[in-house]
Student: 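Below is one structure. I have some questions about it.
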Amino acid sequence: MSFDASRPDLTLGIVGAGVMGRGIAQVAAEAGLTVLLADADPKAGPAALDFCADMIRRKAAKGQLAAEAAEAAIARIHATEAGPERGYAAFQPCHLVIEAAAERMDVKHAVLAGVEAAVSGECVIATNTSSLSVTGFAAGAKRPERIAGYHFFNPVPLMRLVEVIGGALTAPTVLDALEALAHRLGHQPVRASDTPGFLVNHAGRAFGTEALRIHAEGVAGFADIDRVMTQAAGFRMGPFELLDLTGLDVSHAVMETVYRQFYEEPRFRPQPLTGQRVTAGLLGRKTGRGFYAYPEGKPEKPPERPVPPLPAALPPVWVAEGEGHDALRAILAATGAALENGAQPSERALILVTPLGDDATTTAVEAGLDPTRTVAVDPLFGFARRRTLMTTPVTAPAIRDCAHALLAADGTPVTVIHDSPGFIAQRIVAAIVNVGADIAQQRIATPDAINQAVRLGLGYPKGPLEFGDALGARKILAILEGLHRFTGDPRYRPSPWLKRRALLGAPLTLAEA
Ligand code: NAD
């Protein structure tokens with residue numbers, strides 16, 4: 001049971017000619033497959049065919065495809081009569097059927113029964129579900145060995161990733177064939193086990209939920225969090241920009257589903273804020289207002305805290321030993337500030353500390369430093385692109401402003417936040433690495449697949465394990481342990497995968513033999 005992904009006459013049936021069905025149809029036809037479309041709505045198949053034809057001809061007009069090849073691809077797509085009303089007899093020649101109908105198990109089971117009754121014993125049946133169990137889908141099948149998950153991303157022609165998911169009874173040859181077909185479609189397959197969110201929607205839980213938590217704790221506003229994550233940490237979009245783009249109706253539902261499906265795993269805990277905003281209709285770009293307003297389709301960014309003037313009489317500056325000590329002193333020296341060299345700061349000094357995983361208050365108190373003169377600077381991503389400063393609740397405003405003015409003097413943007421173990425970027429990135437490490441620990445996917453899926457599926461600059469290795473697994477562990485110690489929240493408990501590799505000094509990509 002299976003199919004040869006390279007055969008020239010490979011025939012693919014697609015049930016559900018909506019957003020996903022038409023995207024899959026387009027890439028399959030371009031790759032030489034014959035595509036048969038079915039839908040409950042008789043207008044949907046022809047509409048999908050028109051849509052695909054339009055997209056393929058546009059590619060030809062841009063020179064991405066020869067005109068004849070484009071017309072040949074269009075001719076390979078057929079809107080059939082098949083569907084719940086007329087049955088699936090038209091799918092008899094299919095080697096593979098992909099179900100991309102509504103996200104409801106009763107609908108999917110009805111599709112499966114109809115398709116199984118029509119196709120040959122060799123035909124593989126795959127579901128494009130994002131959030132339902134593949135094993136649950138297969139439980140309705142006569143031959144569950146031929147059922148698998150084949151999870152594409154929207155828009156299919158641009159998102160070149162597909163998750164290949166085996167249910168409890170799926171035959172390995174089926175997964176091999178789906179993987180080979182993915183390559184033929186120009187997609188990168190990643191294998192994941194049948195667990196909530198599969199790989200990408202599971203690995204993506206940390207970015208948004210940790211950002212929401214930082215916001216909910218009053219540490220920083222959403223626009224500041226986005227600025228730090230894009231400029232300091234190098235993400236293409238900030239977490240709130242992404243929530244606005246995806247739409248809070250979708251993101252909120254995914255946050256809740258994955259959290260509940262994992263029996264309230266604290267690492268995925270959502271925040272009440274998103275439910276409230278969904279109720280208010282603040283869904284994001286699609287409703288013209290989410291976290292940002294979109295007056296002309298473009299986000300309106302709230303202004304940043306202005307850079308205060310440098311005081312006429314600058315205090316001397318003392319920088320505590322630690323991460324980024326020398327780099328910070330070099331930046332300050334260039335401003336003309338008087339740097340202290342003693343083991344302890346003088347009575348007048350502005351005190352700068354650079355903690356990993358500790359807040360400014362704990363750092364000052366544990367080192368016996370005056371918290372009214374202490375300001376923390378985040379060292380994790382260096383100080384070149386954007387600097388994050390953090391105060392204790394008693395830091396004197398004049399001291400805060402002085403640190404801000406000094407560290408902005410060379411034109412580098414500065415974000416000032418309230419006290420938080422791990423600032424902004426440390427918290428979010430450590431949470432991403434930790435969730436990625438635990439996916440590896442649970443053997444949901446291999447380290448390479450996790451990195452690849454996150455880069456391609458979520459567009460992060462690095463995969464979670466690559467991030468951890470680039471920044472240092474020991475540092476990530478220190479950040480999580482600091483957060484865990486301070487908050488007592490099991491959300492921050494380090495994954496055993498991360499902890500062991502950090503203790504051993506081994507790369508996070510190391511899989512056990
Ligand atoms: P859609 O609403 O755009 O399209 C679904 C199509 O299925 C519609 O044309 C509808 O008429 C048809 N349909 C509904 N019930 C049917 C039935 N009983 N028999 C035949 N056709 C039926 O939805 P979509 O966004 O394309 O999603 C389809 C599937 O893909 C869902 O399972 C969804 O979770 C999954 N998915 C969606 C995305 C996404 O971003 N939209 C991404 C990955 C996976």
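The first residue of the sequence shown is numbered 1, and numbering continues consecutively from there. Source: prediction; values computed, not measured. Order of listing sets the numbers, starting from 1, for every ligand and every atom in it.
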Student: Does any donor atom in the side chain of Gln442 or Asp438 lie under 3.5 Å from an acceptor atom in the other side chain?
Tutor: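 Per modelled atom types, Gln442 and Asp438 side chains form a pair under 3.5 Å.
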
Student: Heavy-atom contacts with Val15 under 4.0 Å: which atoms of ligand 1 show up? List them by number with element.
Tutor: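 Reading through ligand 1 atom by atom, the close ones are 20 (C).
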
Student: What protein heavy atom sits nearest atom 40 (O) of ligand 1, and how far off is it?
Tutor: Asn154 CB, 3.3 Å

Student: What is the nearest protein non-hydrogen atom to atom 43 (C) of ligand 1, stated with its residue, atom name and distance?
Tutor: Phe152 O, 3.1 Å

Student: Look at Arg213 together with Asp489 and state whether they make a salt bridge at an N to O cut-off of under 4.0 Å.
Tutor: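 Yes, this pair counts.
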
Student: Quick one: which ligand 1 atoms are inside 4.0 Å of a heavy atom on Val19?
Tutor: 3 (O), 25 (O), 26 (O)

Student: Identify the two heavy atoms, one from Gln26 and one from Cys52, that lie closest to each other, and give their separation to 0.1 Å.
Tutor: N-SG, 3.9 Å

Student: Considering non-hydrogen atoms of the protein only, which is the closest contact for atom 18 (N) of ligand 1, and what is the distance?
Tutor: Val107 CG1, 3.5 Å

Student: Might you work through the side chain to side chain donor-acceptor pair (under 3.5 Å) test for Asn128 and Glu99, ending with a clear yes or no?
Tutor: CA-CA 6 Å; Asn128 185 45; Glu99 172 285 313; over 6 Å; no

Student: Less than 4.0 Å between a side-chain N and a carboxylate O, is that true for Glu163 and Arg191?
Tutor: no

Student: Would you say Ser2 and Glu122 are linked by a side-chain donor-acceptor pair, where the criterion is simply a distance under 3.5 Å?
Tutor: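 Absent: no donor and acceptor within the cut-off.
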
Student: Check ligand 1 against His151 and write out every atom of the ligand that is under 4.0 Å from a heavy-atom position of the residue.
Tutor: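 Going through ligand 1 atom by atom, the ones under 4.0 Å from His151 are 43 (C), 44 (C).
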
Student: Which atoms from ligand 1 have a heavy atom of Pro84 less than 4.0 Å away?
Tutor: 19 (N), 20 (C)

Student: If only side-chain N and O atoms count, and only distance matters, is there a donor-acceptor pair under 3.5 Å linking Thr415 with Arg386?
Tutor: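 A donor-acceptor contact under 3.5 Å links the two side chains.
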
Student: Would you mind telling me if ligand 1 is within reach of the side chain of Asp39, the backbone, both or neither, using heavy atoms under 4.0 Å?
Tutor: both

Student: List the closest protein heavy-atom neighbour of atom 4 (O) of ligand 1: residue, atom name, distance to the nearest 0.1 Å.
Tutor: Gly18 CA, 3.2 Å

Student: Side chains of Asp4 and Ser6: do they bring a donor and an acceptor to under 3.5 Å?
Tutor: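 Present: a donor and an acceptor within the cut-off.
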
Student: So is Asn128 polar-close to ligand 1, meaning N/O to N/O under 3.5 Å?
Tutor: yes

Student: Give a yes or no on whether atom 23 (O) of ligand 1 lies under 4.0 Å from any heavy atom of the protein.
Tutor: no

Student: What's the shortest distance from atom 14 (C) of ligand 1 to any protein heavy atom, and which residue and atom give it?
Tutor: Ala102 N, 3.9 Å

Student: Hey, is Phe153 touching ligand 1 through its side chain, its backbone, both or neither, going by heavy atoms under 4.0 Å?
Tutor: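 Near ligand 1, Phe153 shows nothing, with every heavy atom at 4.0 Å or more.
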
Student: If the cut-off is 4.0 Å to any non-hydrogen atom of Gly16, which atoms of ligand 1 fall inside it?
Tutor: 6 (C), 7 (O)

Student: Kindly say whether Val156 contributes a backbone atom to a donor-acceptor pair with the side chain of His187 at under 3.5 angstrom?
Tutor: yes

Student: Assess, by modelled atom type and distance only, whether the side chains of Thr129 and Glu103 contain a donor and an acceptor separated by less than 3.5 Å.
Tutor: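 Side chains of Thr129 and Glu103: pair found under 3.5 Å.
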
Student: Extract all donor-acceptor atom pairs below 3.5 Å that involve side chains of residues 427-436 and protein atoms in other chains or at least two apart in sequence.
Tutor:
unit_1	atom_1	unit_2	atom_2	d
Arg427	NE	Glu210	OE2	2.7
Arg427	NH1	Glu217	OE1	2.8
Arg427	NH1	Ser420	OG	3.0
Arg427	NH2	Glu210	OE2	3.1
Arg427	NH2	Glu217	OE1	3.4
Arg427	NH2	Glu217	OE2	3.1
Arg427	NH2	Tyr492	OH	3.1
Asn434	OD1	Ser495	N	2.7
Asn434	ND2	Arg493	O	3.0

Student: Given that the side chain starts at C-beta and the backbone is N, CA, C, O, which of these parts of Ala101 lies under 4.0 Å from ligand 1, counting heavy atoms, or is it both or neither?
Tutor: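 Both backbone and side chain of Ala101 come within 4.0 Å of ligand 1.
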
Student: Can you name the atoms of ligand 1, numbered from 1 with element, that are less than 4.0 Å from a heavy atom of Glu103?
Tutor: 31 (C), 32 (O), 33 (C), 34 (O)

Student: Between Glu71, Glu30, Glu68, which is the residue that forms a salt bridge (charged side-chain N to carboxylate O under 4.0 Å, His left out) with Arg57?
Tutor: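 For Arg57, the salt bridge (charged side-chain N to carboxylate O under 4.0 Å, His left out) test succeeds with only one of Glu71, Glu30, Glu68, which is Glu71.
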
Student: Determine whether a donor-acceptor pair (N or O, by modelled atom type, separation under 3.5 Å) exists between the side chain of Thr274 and the backbone of His252.
Tutor: no

Student: With a heavy-atom distance limit of 4.0 Å, tell me whether Thr127 approaches ligand 1 through its side chain, its backbone, both, or neither.
Tutor: neither

Student: Would you say ligand 1 has an N or O under 3.5 Å from any N or O of Asp41?
Tutor: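 Such a contact does not occur with ligand 1.
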
Student: Check each atom of ligand 1 against the heavy atoms of Lys108 and keep those under 4.0 Å away; list them by number with element.
Tutor: 31 (C), 32 (O)

Student: May I ask you to identify the nearest protein heavy atom to atom 21 (N) of ligand 1, giving residue, atom name and distance to one decimal place in Å?
Tutor: Ala40 N, 3.1 Å

Student: Can Ala100 be said to touch ligand 1, with heavy atoms closer than 4.0 Å?
Tutor: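 Yes, Ala100 has a heavy atom closer than 4.0 Å to ligand 1.
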
Student: For atom 44 (C) of ligand 1, what is the nearest protein heavy atom, given as residue, atom name and distance?
Tutor: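 Of the protein heavy atoms, Ser130 OG, 3.0 Å lies nearest.
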
Student: Identify, for atom 37 (C) of ligand 1, the protein heavy atom at the shortest distance, and state residue, atom and that distance.
Tutor: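 For atom 37 (C) of ligand 1, the nearest protein heavy atom comes out as Met20 CG, 3.4 Å.
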
Student: Cation-pi between Arg500 and Trp497: NZ/CZ under 6.0 Å from ring centre and within 45° of the ring axis?
Tutor: no

